[in-house]
Peer 1: 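Below is one structure. I have some questions about it.
These numbers come from a predicted model, not from an experiment.
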Amino acid sequence: MKLVWFKRDLRINDHAAFSLAARGGALLPLYIFEPKLWVQPDMSYRHFSFLIESLRELNEELKQLGQPLIVKVGEAVPILADLIQRYSITEIYSHQETWNAWTYQRDMEVGAYLKKKKIFWHQPVQNGVIRALYNRDGWAWRWNQTMSQQLCLPPSRIVSLNEPSDPWPHASDFGLNDDGCRERQQGGRKNALLLLKTFLEKRGHYYQKALSSPLTASHQCSRLSAHLAFGTISLKEVFHSTRFQLHRLKRKSLSSNISTNPLELLQWKRSLNSFLGRLRWHCHFIQKLEDEPRLEKENMHSAYNNIREESWDFKKYQAWASGSTGYPFLDACMRALIATGWMNFRMRAMLMSFASQHLWLDWRRSAPYLARLFTDYEPGIHYSQCQMQSGTTGMNTLRIYNPIKQSYDQDPNGVFIRHWIPELREVPLPYLHEPWKSPLPSEYPQPIVEEKTARMHAARVLYELRNSSHYNREKALLIKKHASRKRAALQKKGEKLSKKRQRREEEQIQFQF
């Protein structure tokens, strides 16, 4: 008997652990609701709701193979120990996982227990993140090779077991209250596949241009991030499908709803190549947390350990967290995030930058709040980006977003602001981006800080910390460990696939999608 432990990989297609375990003998498909995970400060009701929807679909898929998902509630080690003893399980299968600090510690405990019991734990790779990596030399090339591997097919049948599941818990069982996310994306693999299809065939045409503004990004981005975070679809599936669509574009063998106009085709190619770059970027940041789990709790560069720690201002935090800072575009982004669970990348960066730079709030206290709001919360990306926008990595260019400039650039006609800030719907456009200049009274709050003064103060403090030999020595080590080598790596011989292999993989993709 083999046990397959599903975690953040809620699918049967391209699931290496499931496919490997199914090659011989009976298997037990398991999901564990872990109460201690759900009380962590980065977990929320919207995460739980998306999870439940995804688990229901996974359960139905497994039922069709002959054995429903077995659900248990409790701590992983005792649950695994009980099943191992009763079923004489000799092998456990689950994907390698890079997630939050709690799951990292839990996996350490599970690994120690299984080693003691001499039970082999197979942990195949799920994405392009590489375990036990020394530095980033050749990383992008290896990522591309991993993504280019064939998709794993599920078994056609698995043996039925009589193991009962525990009652599925409710969010309230873990103290999770409805957080008002009325426009949240729905979970489940069917939704993931539909998003991928519509993105590659229609919505993604202007992806490259639509990324920056929340007005366009919500529709023209892929919106697959939550599904990748929960694993209802694999990164490799998305990569293969995108590359297959690019092959079709190059051959002009297109579906009827895509124009064959050369300029239109060029725009599609640019957008899809940009999207492929983002898939690599996705793993690039998760790799940082895999290499240094401490980055969830500690500044990447130690020079920043003594800033912001004693300057917590709860009133400023509360204004930021509720979308009441007095900066309309920033507040509109926060309110949209609260209501929908999603925001485009540039605006996420602006929200974090404003909290850390203008309000001088420690990222370690504001980051968990954003984590709870993002339905697509992915710790490796989240904490790396929180540190980048807070200027604590020591290896990235310092960027401090000006919310006024972003307002004029990304929402010039105030459409997004008027939608999410009802207090300002009647304000004339000349005053909408900077309502404090309006002679008319308003219920909307005055700016919580003076933008330029706060920005210049943050820049001065952060730049001054860089003027030391110790700073530069540590920076050099961080660059060696974490910085991208994409250009050099992709020039390695053998990066391009043979035409024969391309055709074989395209046929595989056509079968899957």
Peer 1: Got a sec, which residues hit salt bridge (Lys or Arg N to Asp or Glu O under 4.0 Å) with Arg455, two or more places apart in sequence or on another chain?
Peer 2: Glu451
Peer 1: Okay, side chain of Tyr444, backbone of Tyr327: is any donor-acceptor separation there less than 3.5 Å?
Peer 2: yes
Peer 1: Kindly confirm or rule out a cation-pi arrangement of Arg278 over Phe345, judged by NZ or CZ under 6.0 Å from the six-membered ring centre and within 45° of its axis?
Peer 2: yes
Peer 1: Side chains of Gln145 and Arg142: any donor to acceptor distance under 3.5 Å?
Peer 2: no
Peer 1: In terms of heavy-atom contacts, does OH of Tyr104 have more than 12 from other residues, nucleotides or ligands at under 6.0 Å?
Peer 2: no
Peer 1: Within the supplied structure, the quantity of interest is the number of heavy atoms (other residues, nucleotides, ligands) at a distance under 6.0 Å from Arg270 CZ; does it exceed 12?
Peer 2: no
Peer 1: Give a yes-or-no answer on whether the side chains of Asn299 and Trp363 include a donor-acceptor pair shorter than 3.5 Å.
Peer 2: yes
Peer 1: Classify the ring geometry between Phe230 and Phe50 as parallel (under 30°), tilted (30 to 60°) or perpendicular (over 60°).
Peer 2: tilted
Peer 1: Quick check on salt bridge (Lys or Arg N to Asp or Glu O under 4.0 Å): which of Arg223, Arg348, Arg46 does Asp376 satisfy it with?
Peer 2: Arg348
Peer 1: For a quick check under 3.5 Å, do Ser241 and Gln245 share a side-chain donor-acceptor pair by atom type?
Peer 2: no
Peer 1: Among Trp268, Phe199, Phe239, whose ring pair (Phe, Tyr, Trp, His ring centres under 6.0 Å) with Phe275 holds?
Peer 2: Phe199
Peer 1: Is it true that Ser324 and Ser322 share a donor-acceptor pair across their side chains at a distance under 3.5 Å?
Peer 2: yes
Peer 1: Charged N to carboxylate O under 4.0 angstrom, Asp409 versus Lys405?
Peer 2: yes
Peer 1: Taking atom types as modelled, is there a side-chain donor on Glu474 or Ser302 under 3.5 Å from an acceptor on the other?
Peer 2: yes
Peer 1: If only side-chain N and O atoms count, and only distance matters, is there a donor-acceptor pair under 3.5 Å linking Trp342 with Gln185?
Peer 2: no
Peer 1: Please evaluate residues Arg294 and Glu292 with respect to the criterion salt bridge (charged side-chain N to carboxylate O under 4.0 Å, His left out), reporting the C-alpha separation (whole Å), side-chain torsions for both, the decisive distance (0.1 Å), and the verdict.
Peer 2: CA-CA 5 Å; Arg294 70 177 185 88; Glu292 287 197 80; 2.6 Å; yes
Peer 1: If you draw the axis of the six-membered ring of Tyr317, does the NZ or CZ of Arg365 fall within 45° of it and under 6.0 Å from the ring centre?
Peer 2: no
Peer 1: Going by distance alone, is a donor N or O of one side chain under 3.5 Å from an acceptor N or O of the other, for Glu434 and Tyr408?
Peer 2: yes
